[in-house]
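Worksheet: one structure, shown below.
Whatever order the structure lists them in is the order used to number ligands and atoms, beginning at 1. Just so it is clear, the structure is predicted and the values come from calculations on it, not from any experiment.
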Amino acid sequence: MSTARHVAIIMDGNGRWAKKRHLPRAEGHRRGVEAVRRIARAARAMGLEALTLYAFSTENWRRSEDEIAALMSLMKRFILSDLDEFAANNVKLRIIGDYKAFPADITKLIEDALARTADNDGTTLAVALNYGSRDEIARAAAKAAAKGAVTAEAIEAELDTAGMPPLDLLIRTSGEVRLSNFLLWQAAYAEMWFTDVLWPDFTTEHLAEALASFGTRERRYGGR
Ligand code: IPE
Ligand code: IPE
Ligand code: MG
């Protein structure tokens, strides 16, 4: 039974969670943050080397100004309330995506958080912010070209995830069965696990179930 080193999650379904309860979408996102806290703790307790969470895509700018503002405000509050716990528990924060497009106050909070956990060597918690895989690959290819030959290895070395363990398991909640521009390159040989559970309802038990399923898979990488 193999164990996963790097798990990534497309945290989807906050809006539908709220809609079912006749609540504003922002309330779904607020409950989504509670799930983030729960799952980040579980990842640490389970000894995962890396957990990558899709929090805001390059396409999510298409949402209403109100919803984007609610997401930004939640992000800010999350860093302020949870950074001490990450720092104290040897969690290394990392951002993938171009977070510098966010408002200056958030960019500053993010940079402080990265600096405070930079020397930690426990679980890496990578948060995808203003992340899109096509954008990431294009940026990586341009950097590789500036340095020399554009090989798969050279591109890989310039991806936002460079240096992280290979992606083992990709989870998506809420019943959608698509990647929505997330980790397209890294998912080449990742195992997939889809569930109808909406992200605010996602528990440690669901994560354990996904990891157990991963443990039974035979990964062949094209060889026999
Ligand atoms: C995921 O929940 C959170 C983000 C994309 C920020 P959604 O907001 O996409 O929820 P649904 O898909 O509308 O239910
Ligand atoms: C993907 O979810 C992005 C995040 C979870 C941050 P979306 O809800 O934005 O994806 P689509 O629109 O259903 O493909
Ligand atoms: Mg969605």
Handout entry: Under 4.0 Å to a heavy atom of H29 - the qualifying atoms of ligand 1, by number
Key = 3 (C), 8 (O)
Problem - Ion pair R37/E85, N-O distance below 4.0 Å - result: no
Exercise for the section: Compare all side-chain heavy atoms of L179 with those of R172 and state whether any distance is below 4.5 angstrom. Expected result: no
Handout entry: Ionic contact status for E59 with R62, cut-off 4.0 Å
Key = no
Practice task
Under 4.0 Å, heavy atoms only, figure out whether ligand 2 is touched by the backbone of E176, its side chain, both or neither.
Solution key: neither
Completion exercise
Heavy-atom proximity to atom 9 (O) of ligand 2 ranks first, among I9, L129, N60, T58, for N60
Handout entry: Taking atom 5 (C) of ligand 2 as the reference point, the nearest protein heavy atom with its distance
Key = M11 O, 3.4 Å
Exercise for the section: Before accepting this row, confirm whether a basic side-chain N of the pair E27/R21 lies closer than 4.0 Å to the acidic partner's carboxylate O. Expected result: no
Completion exercise
Note: L125 and V91 closest approach over all heavy atoms is CB-CG1, 3.9 Å
Exercise for the section: Please verify whether a non-hydrogen atom of R25 lies at under 4.0 Å from ligand 1. Expected result: yes
Completion exercise
protein heavy-atom neighbour closest to atom 10 (O) of ligand 1 works out as G15 N, 2.9 Å
Exercise for the section: If you have a sec, work out which protein heavy atom is nearest atom 13 (O) of ligand 2 and how many Å separate them, to one decimal? Expected result: R178 NH2, 2.8 Å
Practice task
Could you tell me whether R16 and D201 have a side-chain N and a carboxylate O separated by less than 4.0 Å?
Solution key: no
Fill in the blank from the handout: Among R16, K20, R63, the residue with a heavy atom nearest to atom 8 (O) of ligand 1 is R63
Exercise for the section: Give a yes or no on whether R134 atom CZ has more than 12 heavy-atom contacts from other residues, nucleotides or ligands under 6.0 Å away. Expected result: no
Practice task
Give the single entry among S57, S174, G32, S180 that approaches atom 11 (P) of ligand 2 most closely by any heavy atom.
Solution key: S180
Practice task
Give yes if a backbone or side-chain nitrogen or oxygen of L71 is under 3.5 Å from a nitrogen or oxygen of ligand 1, and no if not.
Solution key: no
Fill in the blank from the handout: re atom 2 (O) of ligand 2, the protein heavy-atom contact at minimum distance is R172 NH2, 3.6 Å
Handout entry: Region of K19 engaging ligand 1 - heavy atom pairs below 4.0 Å
Key = neither
Problem - Carboxylate-amine/guanidinium contact D98 R139, below 4.0 Å - result: no
Practice task
Please confirm whether Y131 and F182 have ring centers closer than 6.0 angstrom.
Solution key: yes
Exercise for the section: Please identify which atoms of ligand 1 are closer than 4.0 Å to at least one heavy atom of A55. Expected result: 6 (C)
Exercise for the section: Heavy-atom distances under 4.0 Å are what count here, so tell me which part of F182 touches ligand 2: side chain, backbone, both or neither. Expected result: neither
Exercise for the section: Look only at interatomic distance and state if Y54 has a nitrogen or oxygen under 3.5 Å from any nitrogen or oxygen of ligand 2. Expected result: no
Handout entry: Name, closest N/O/S atom of D12 to the Mg ion (ligand 3)
Key = OD1
Problem - Presence of salt bridge, R219 and D168, under 4.0 angstrom - result: yes
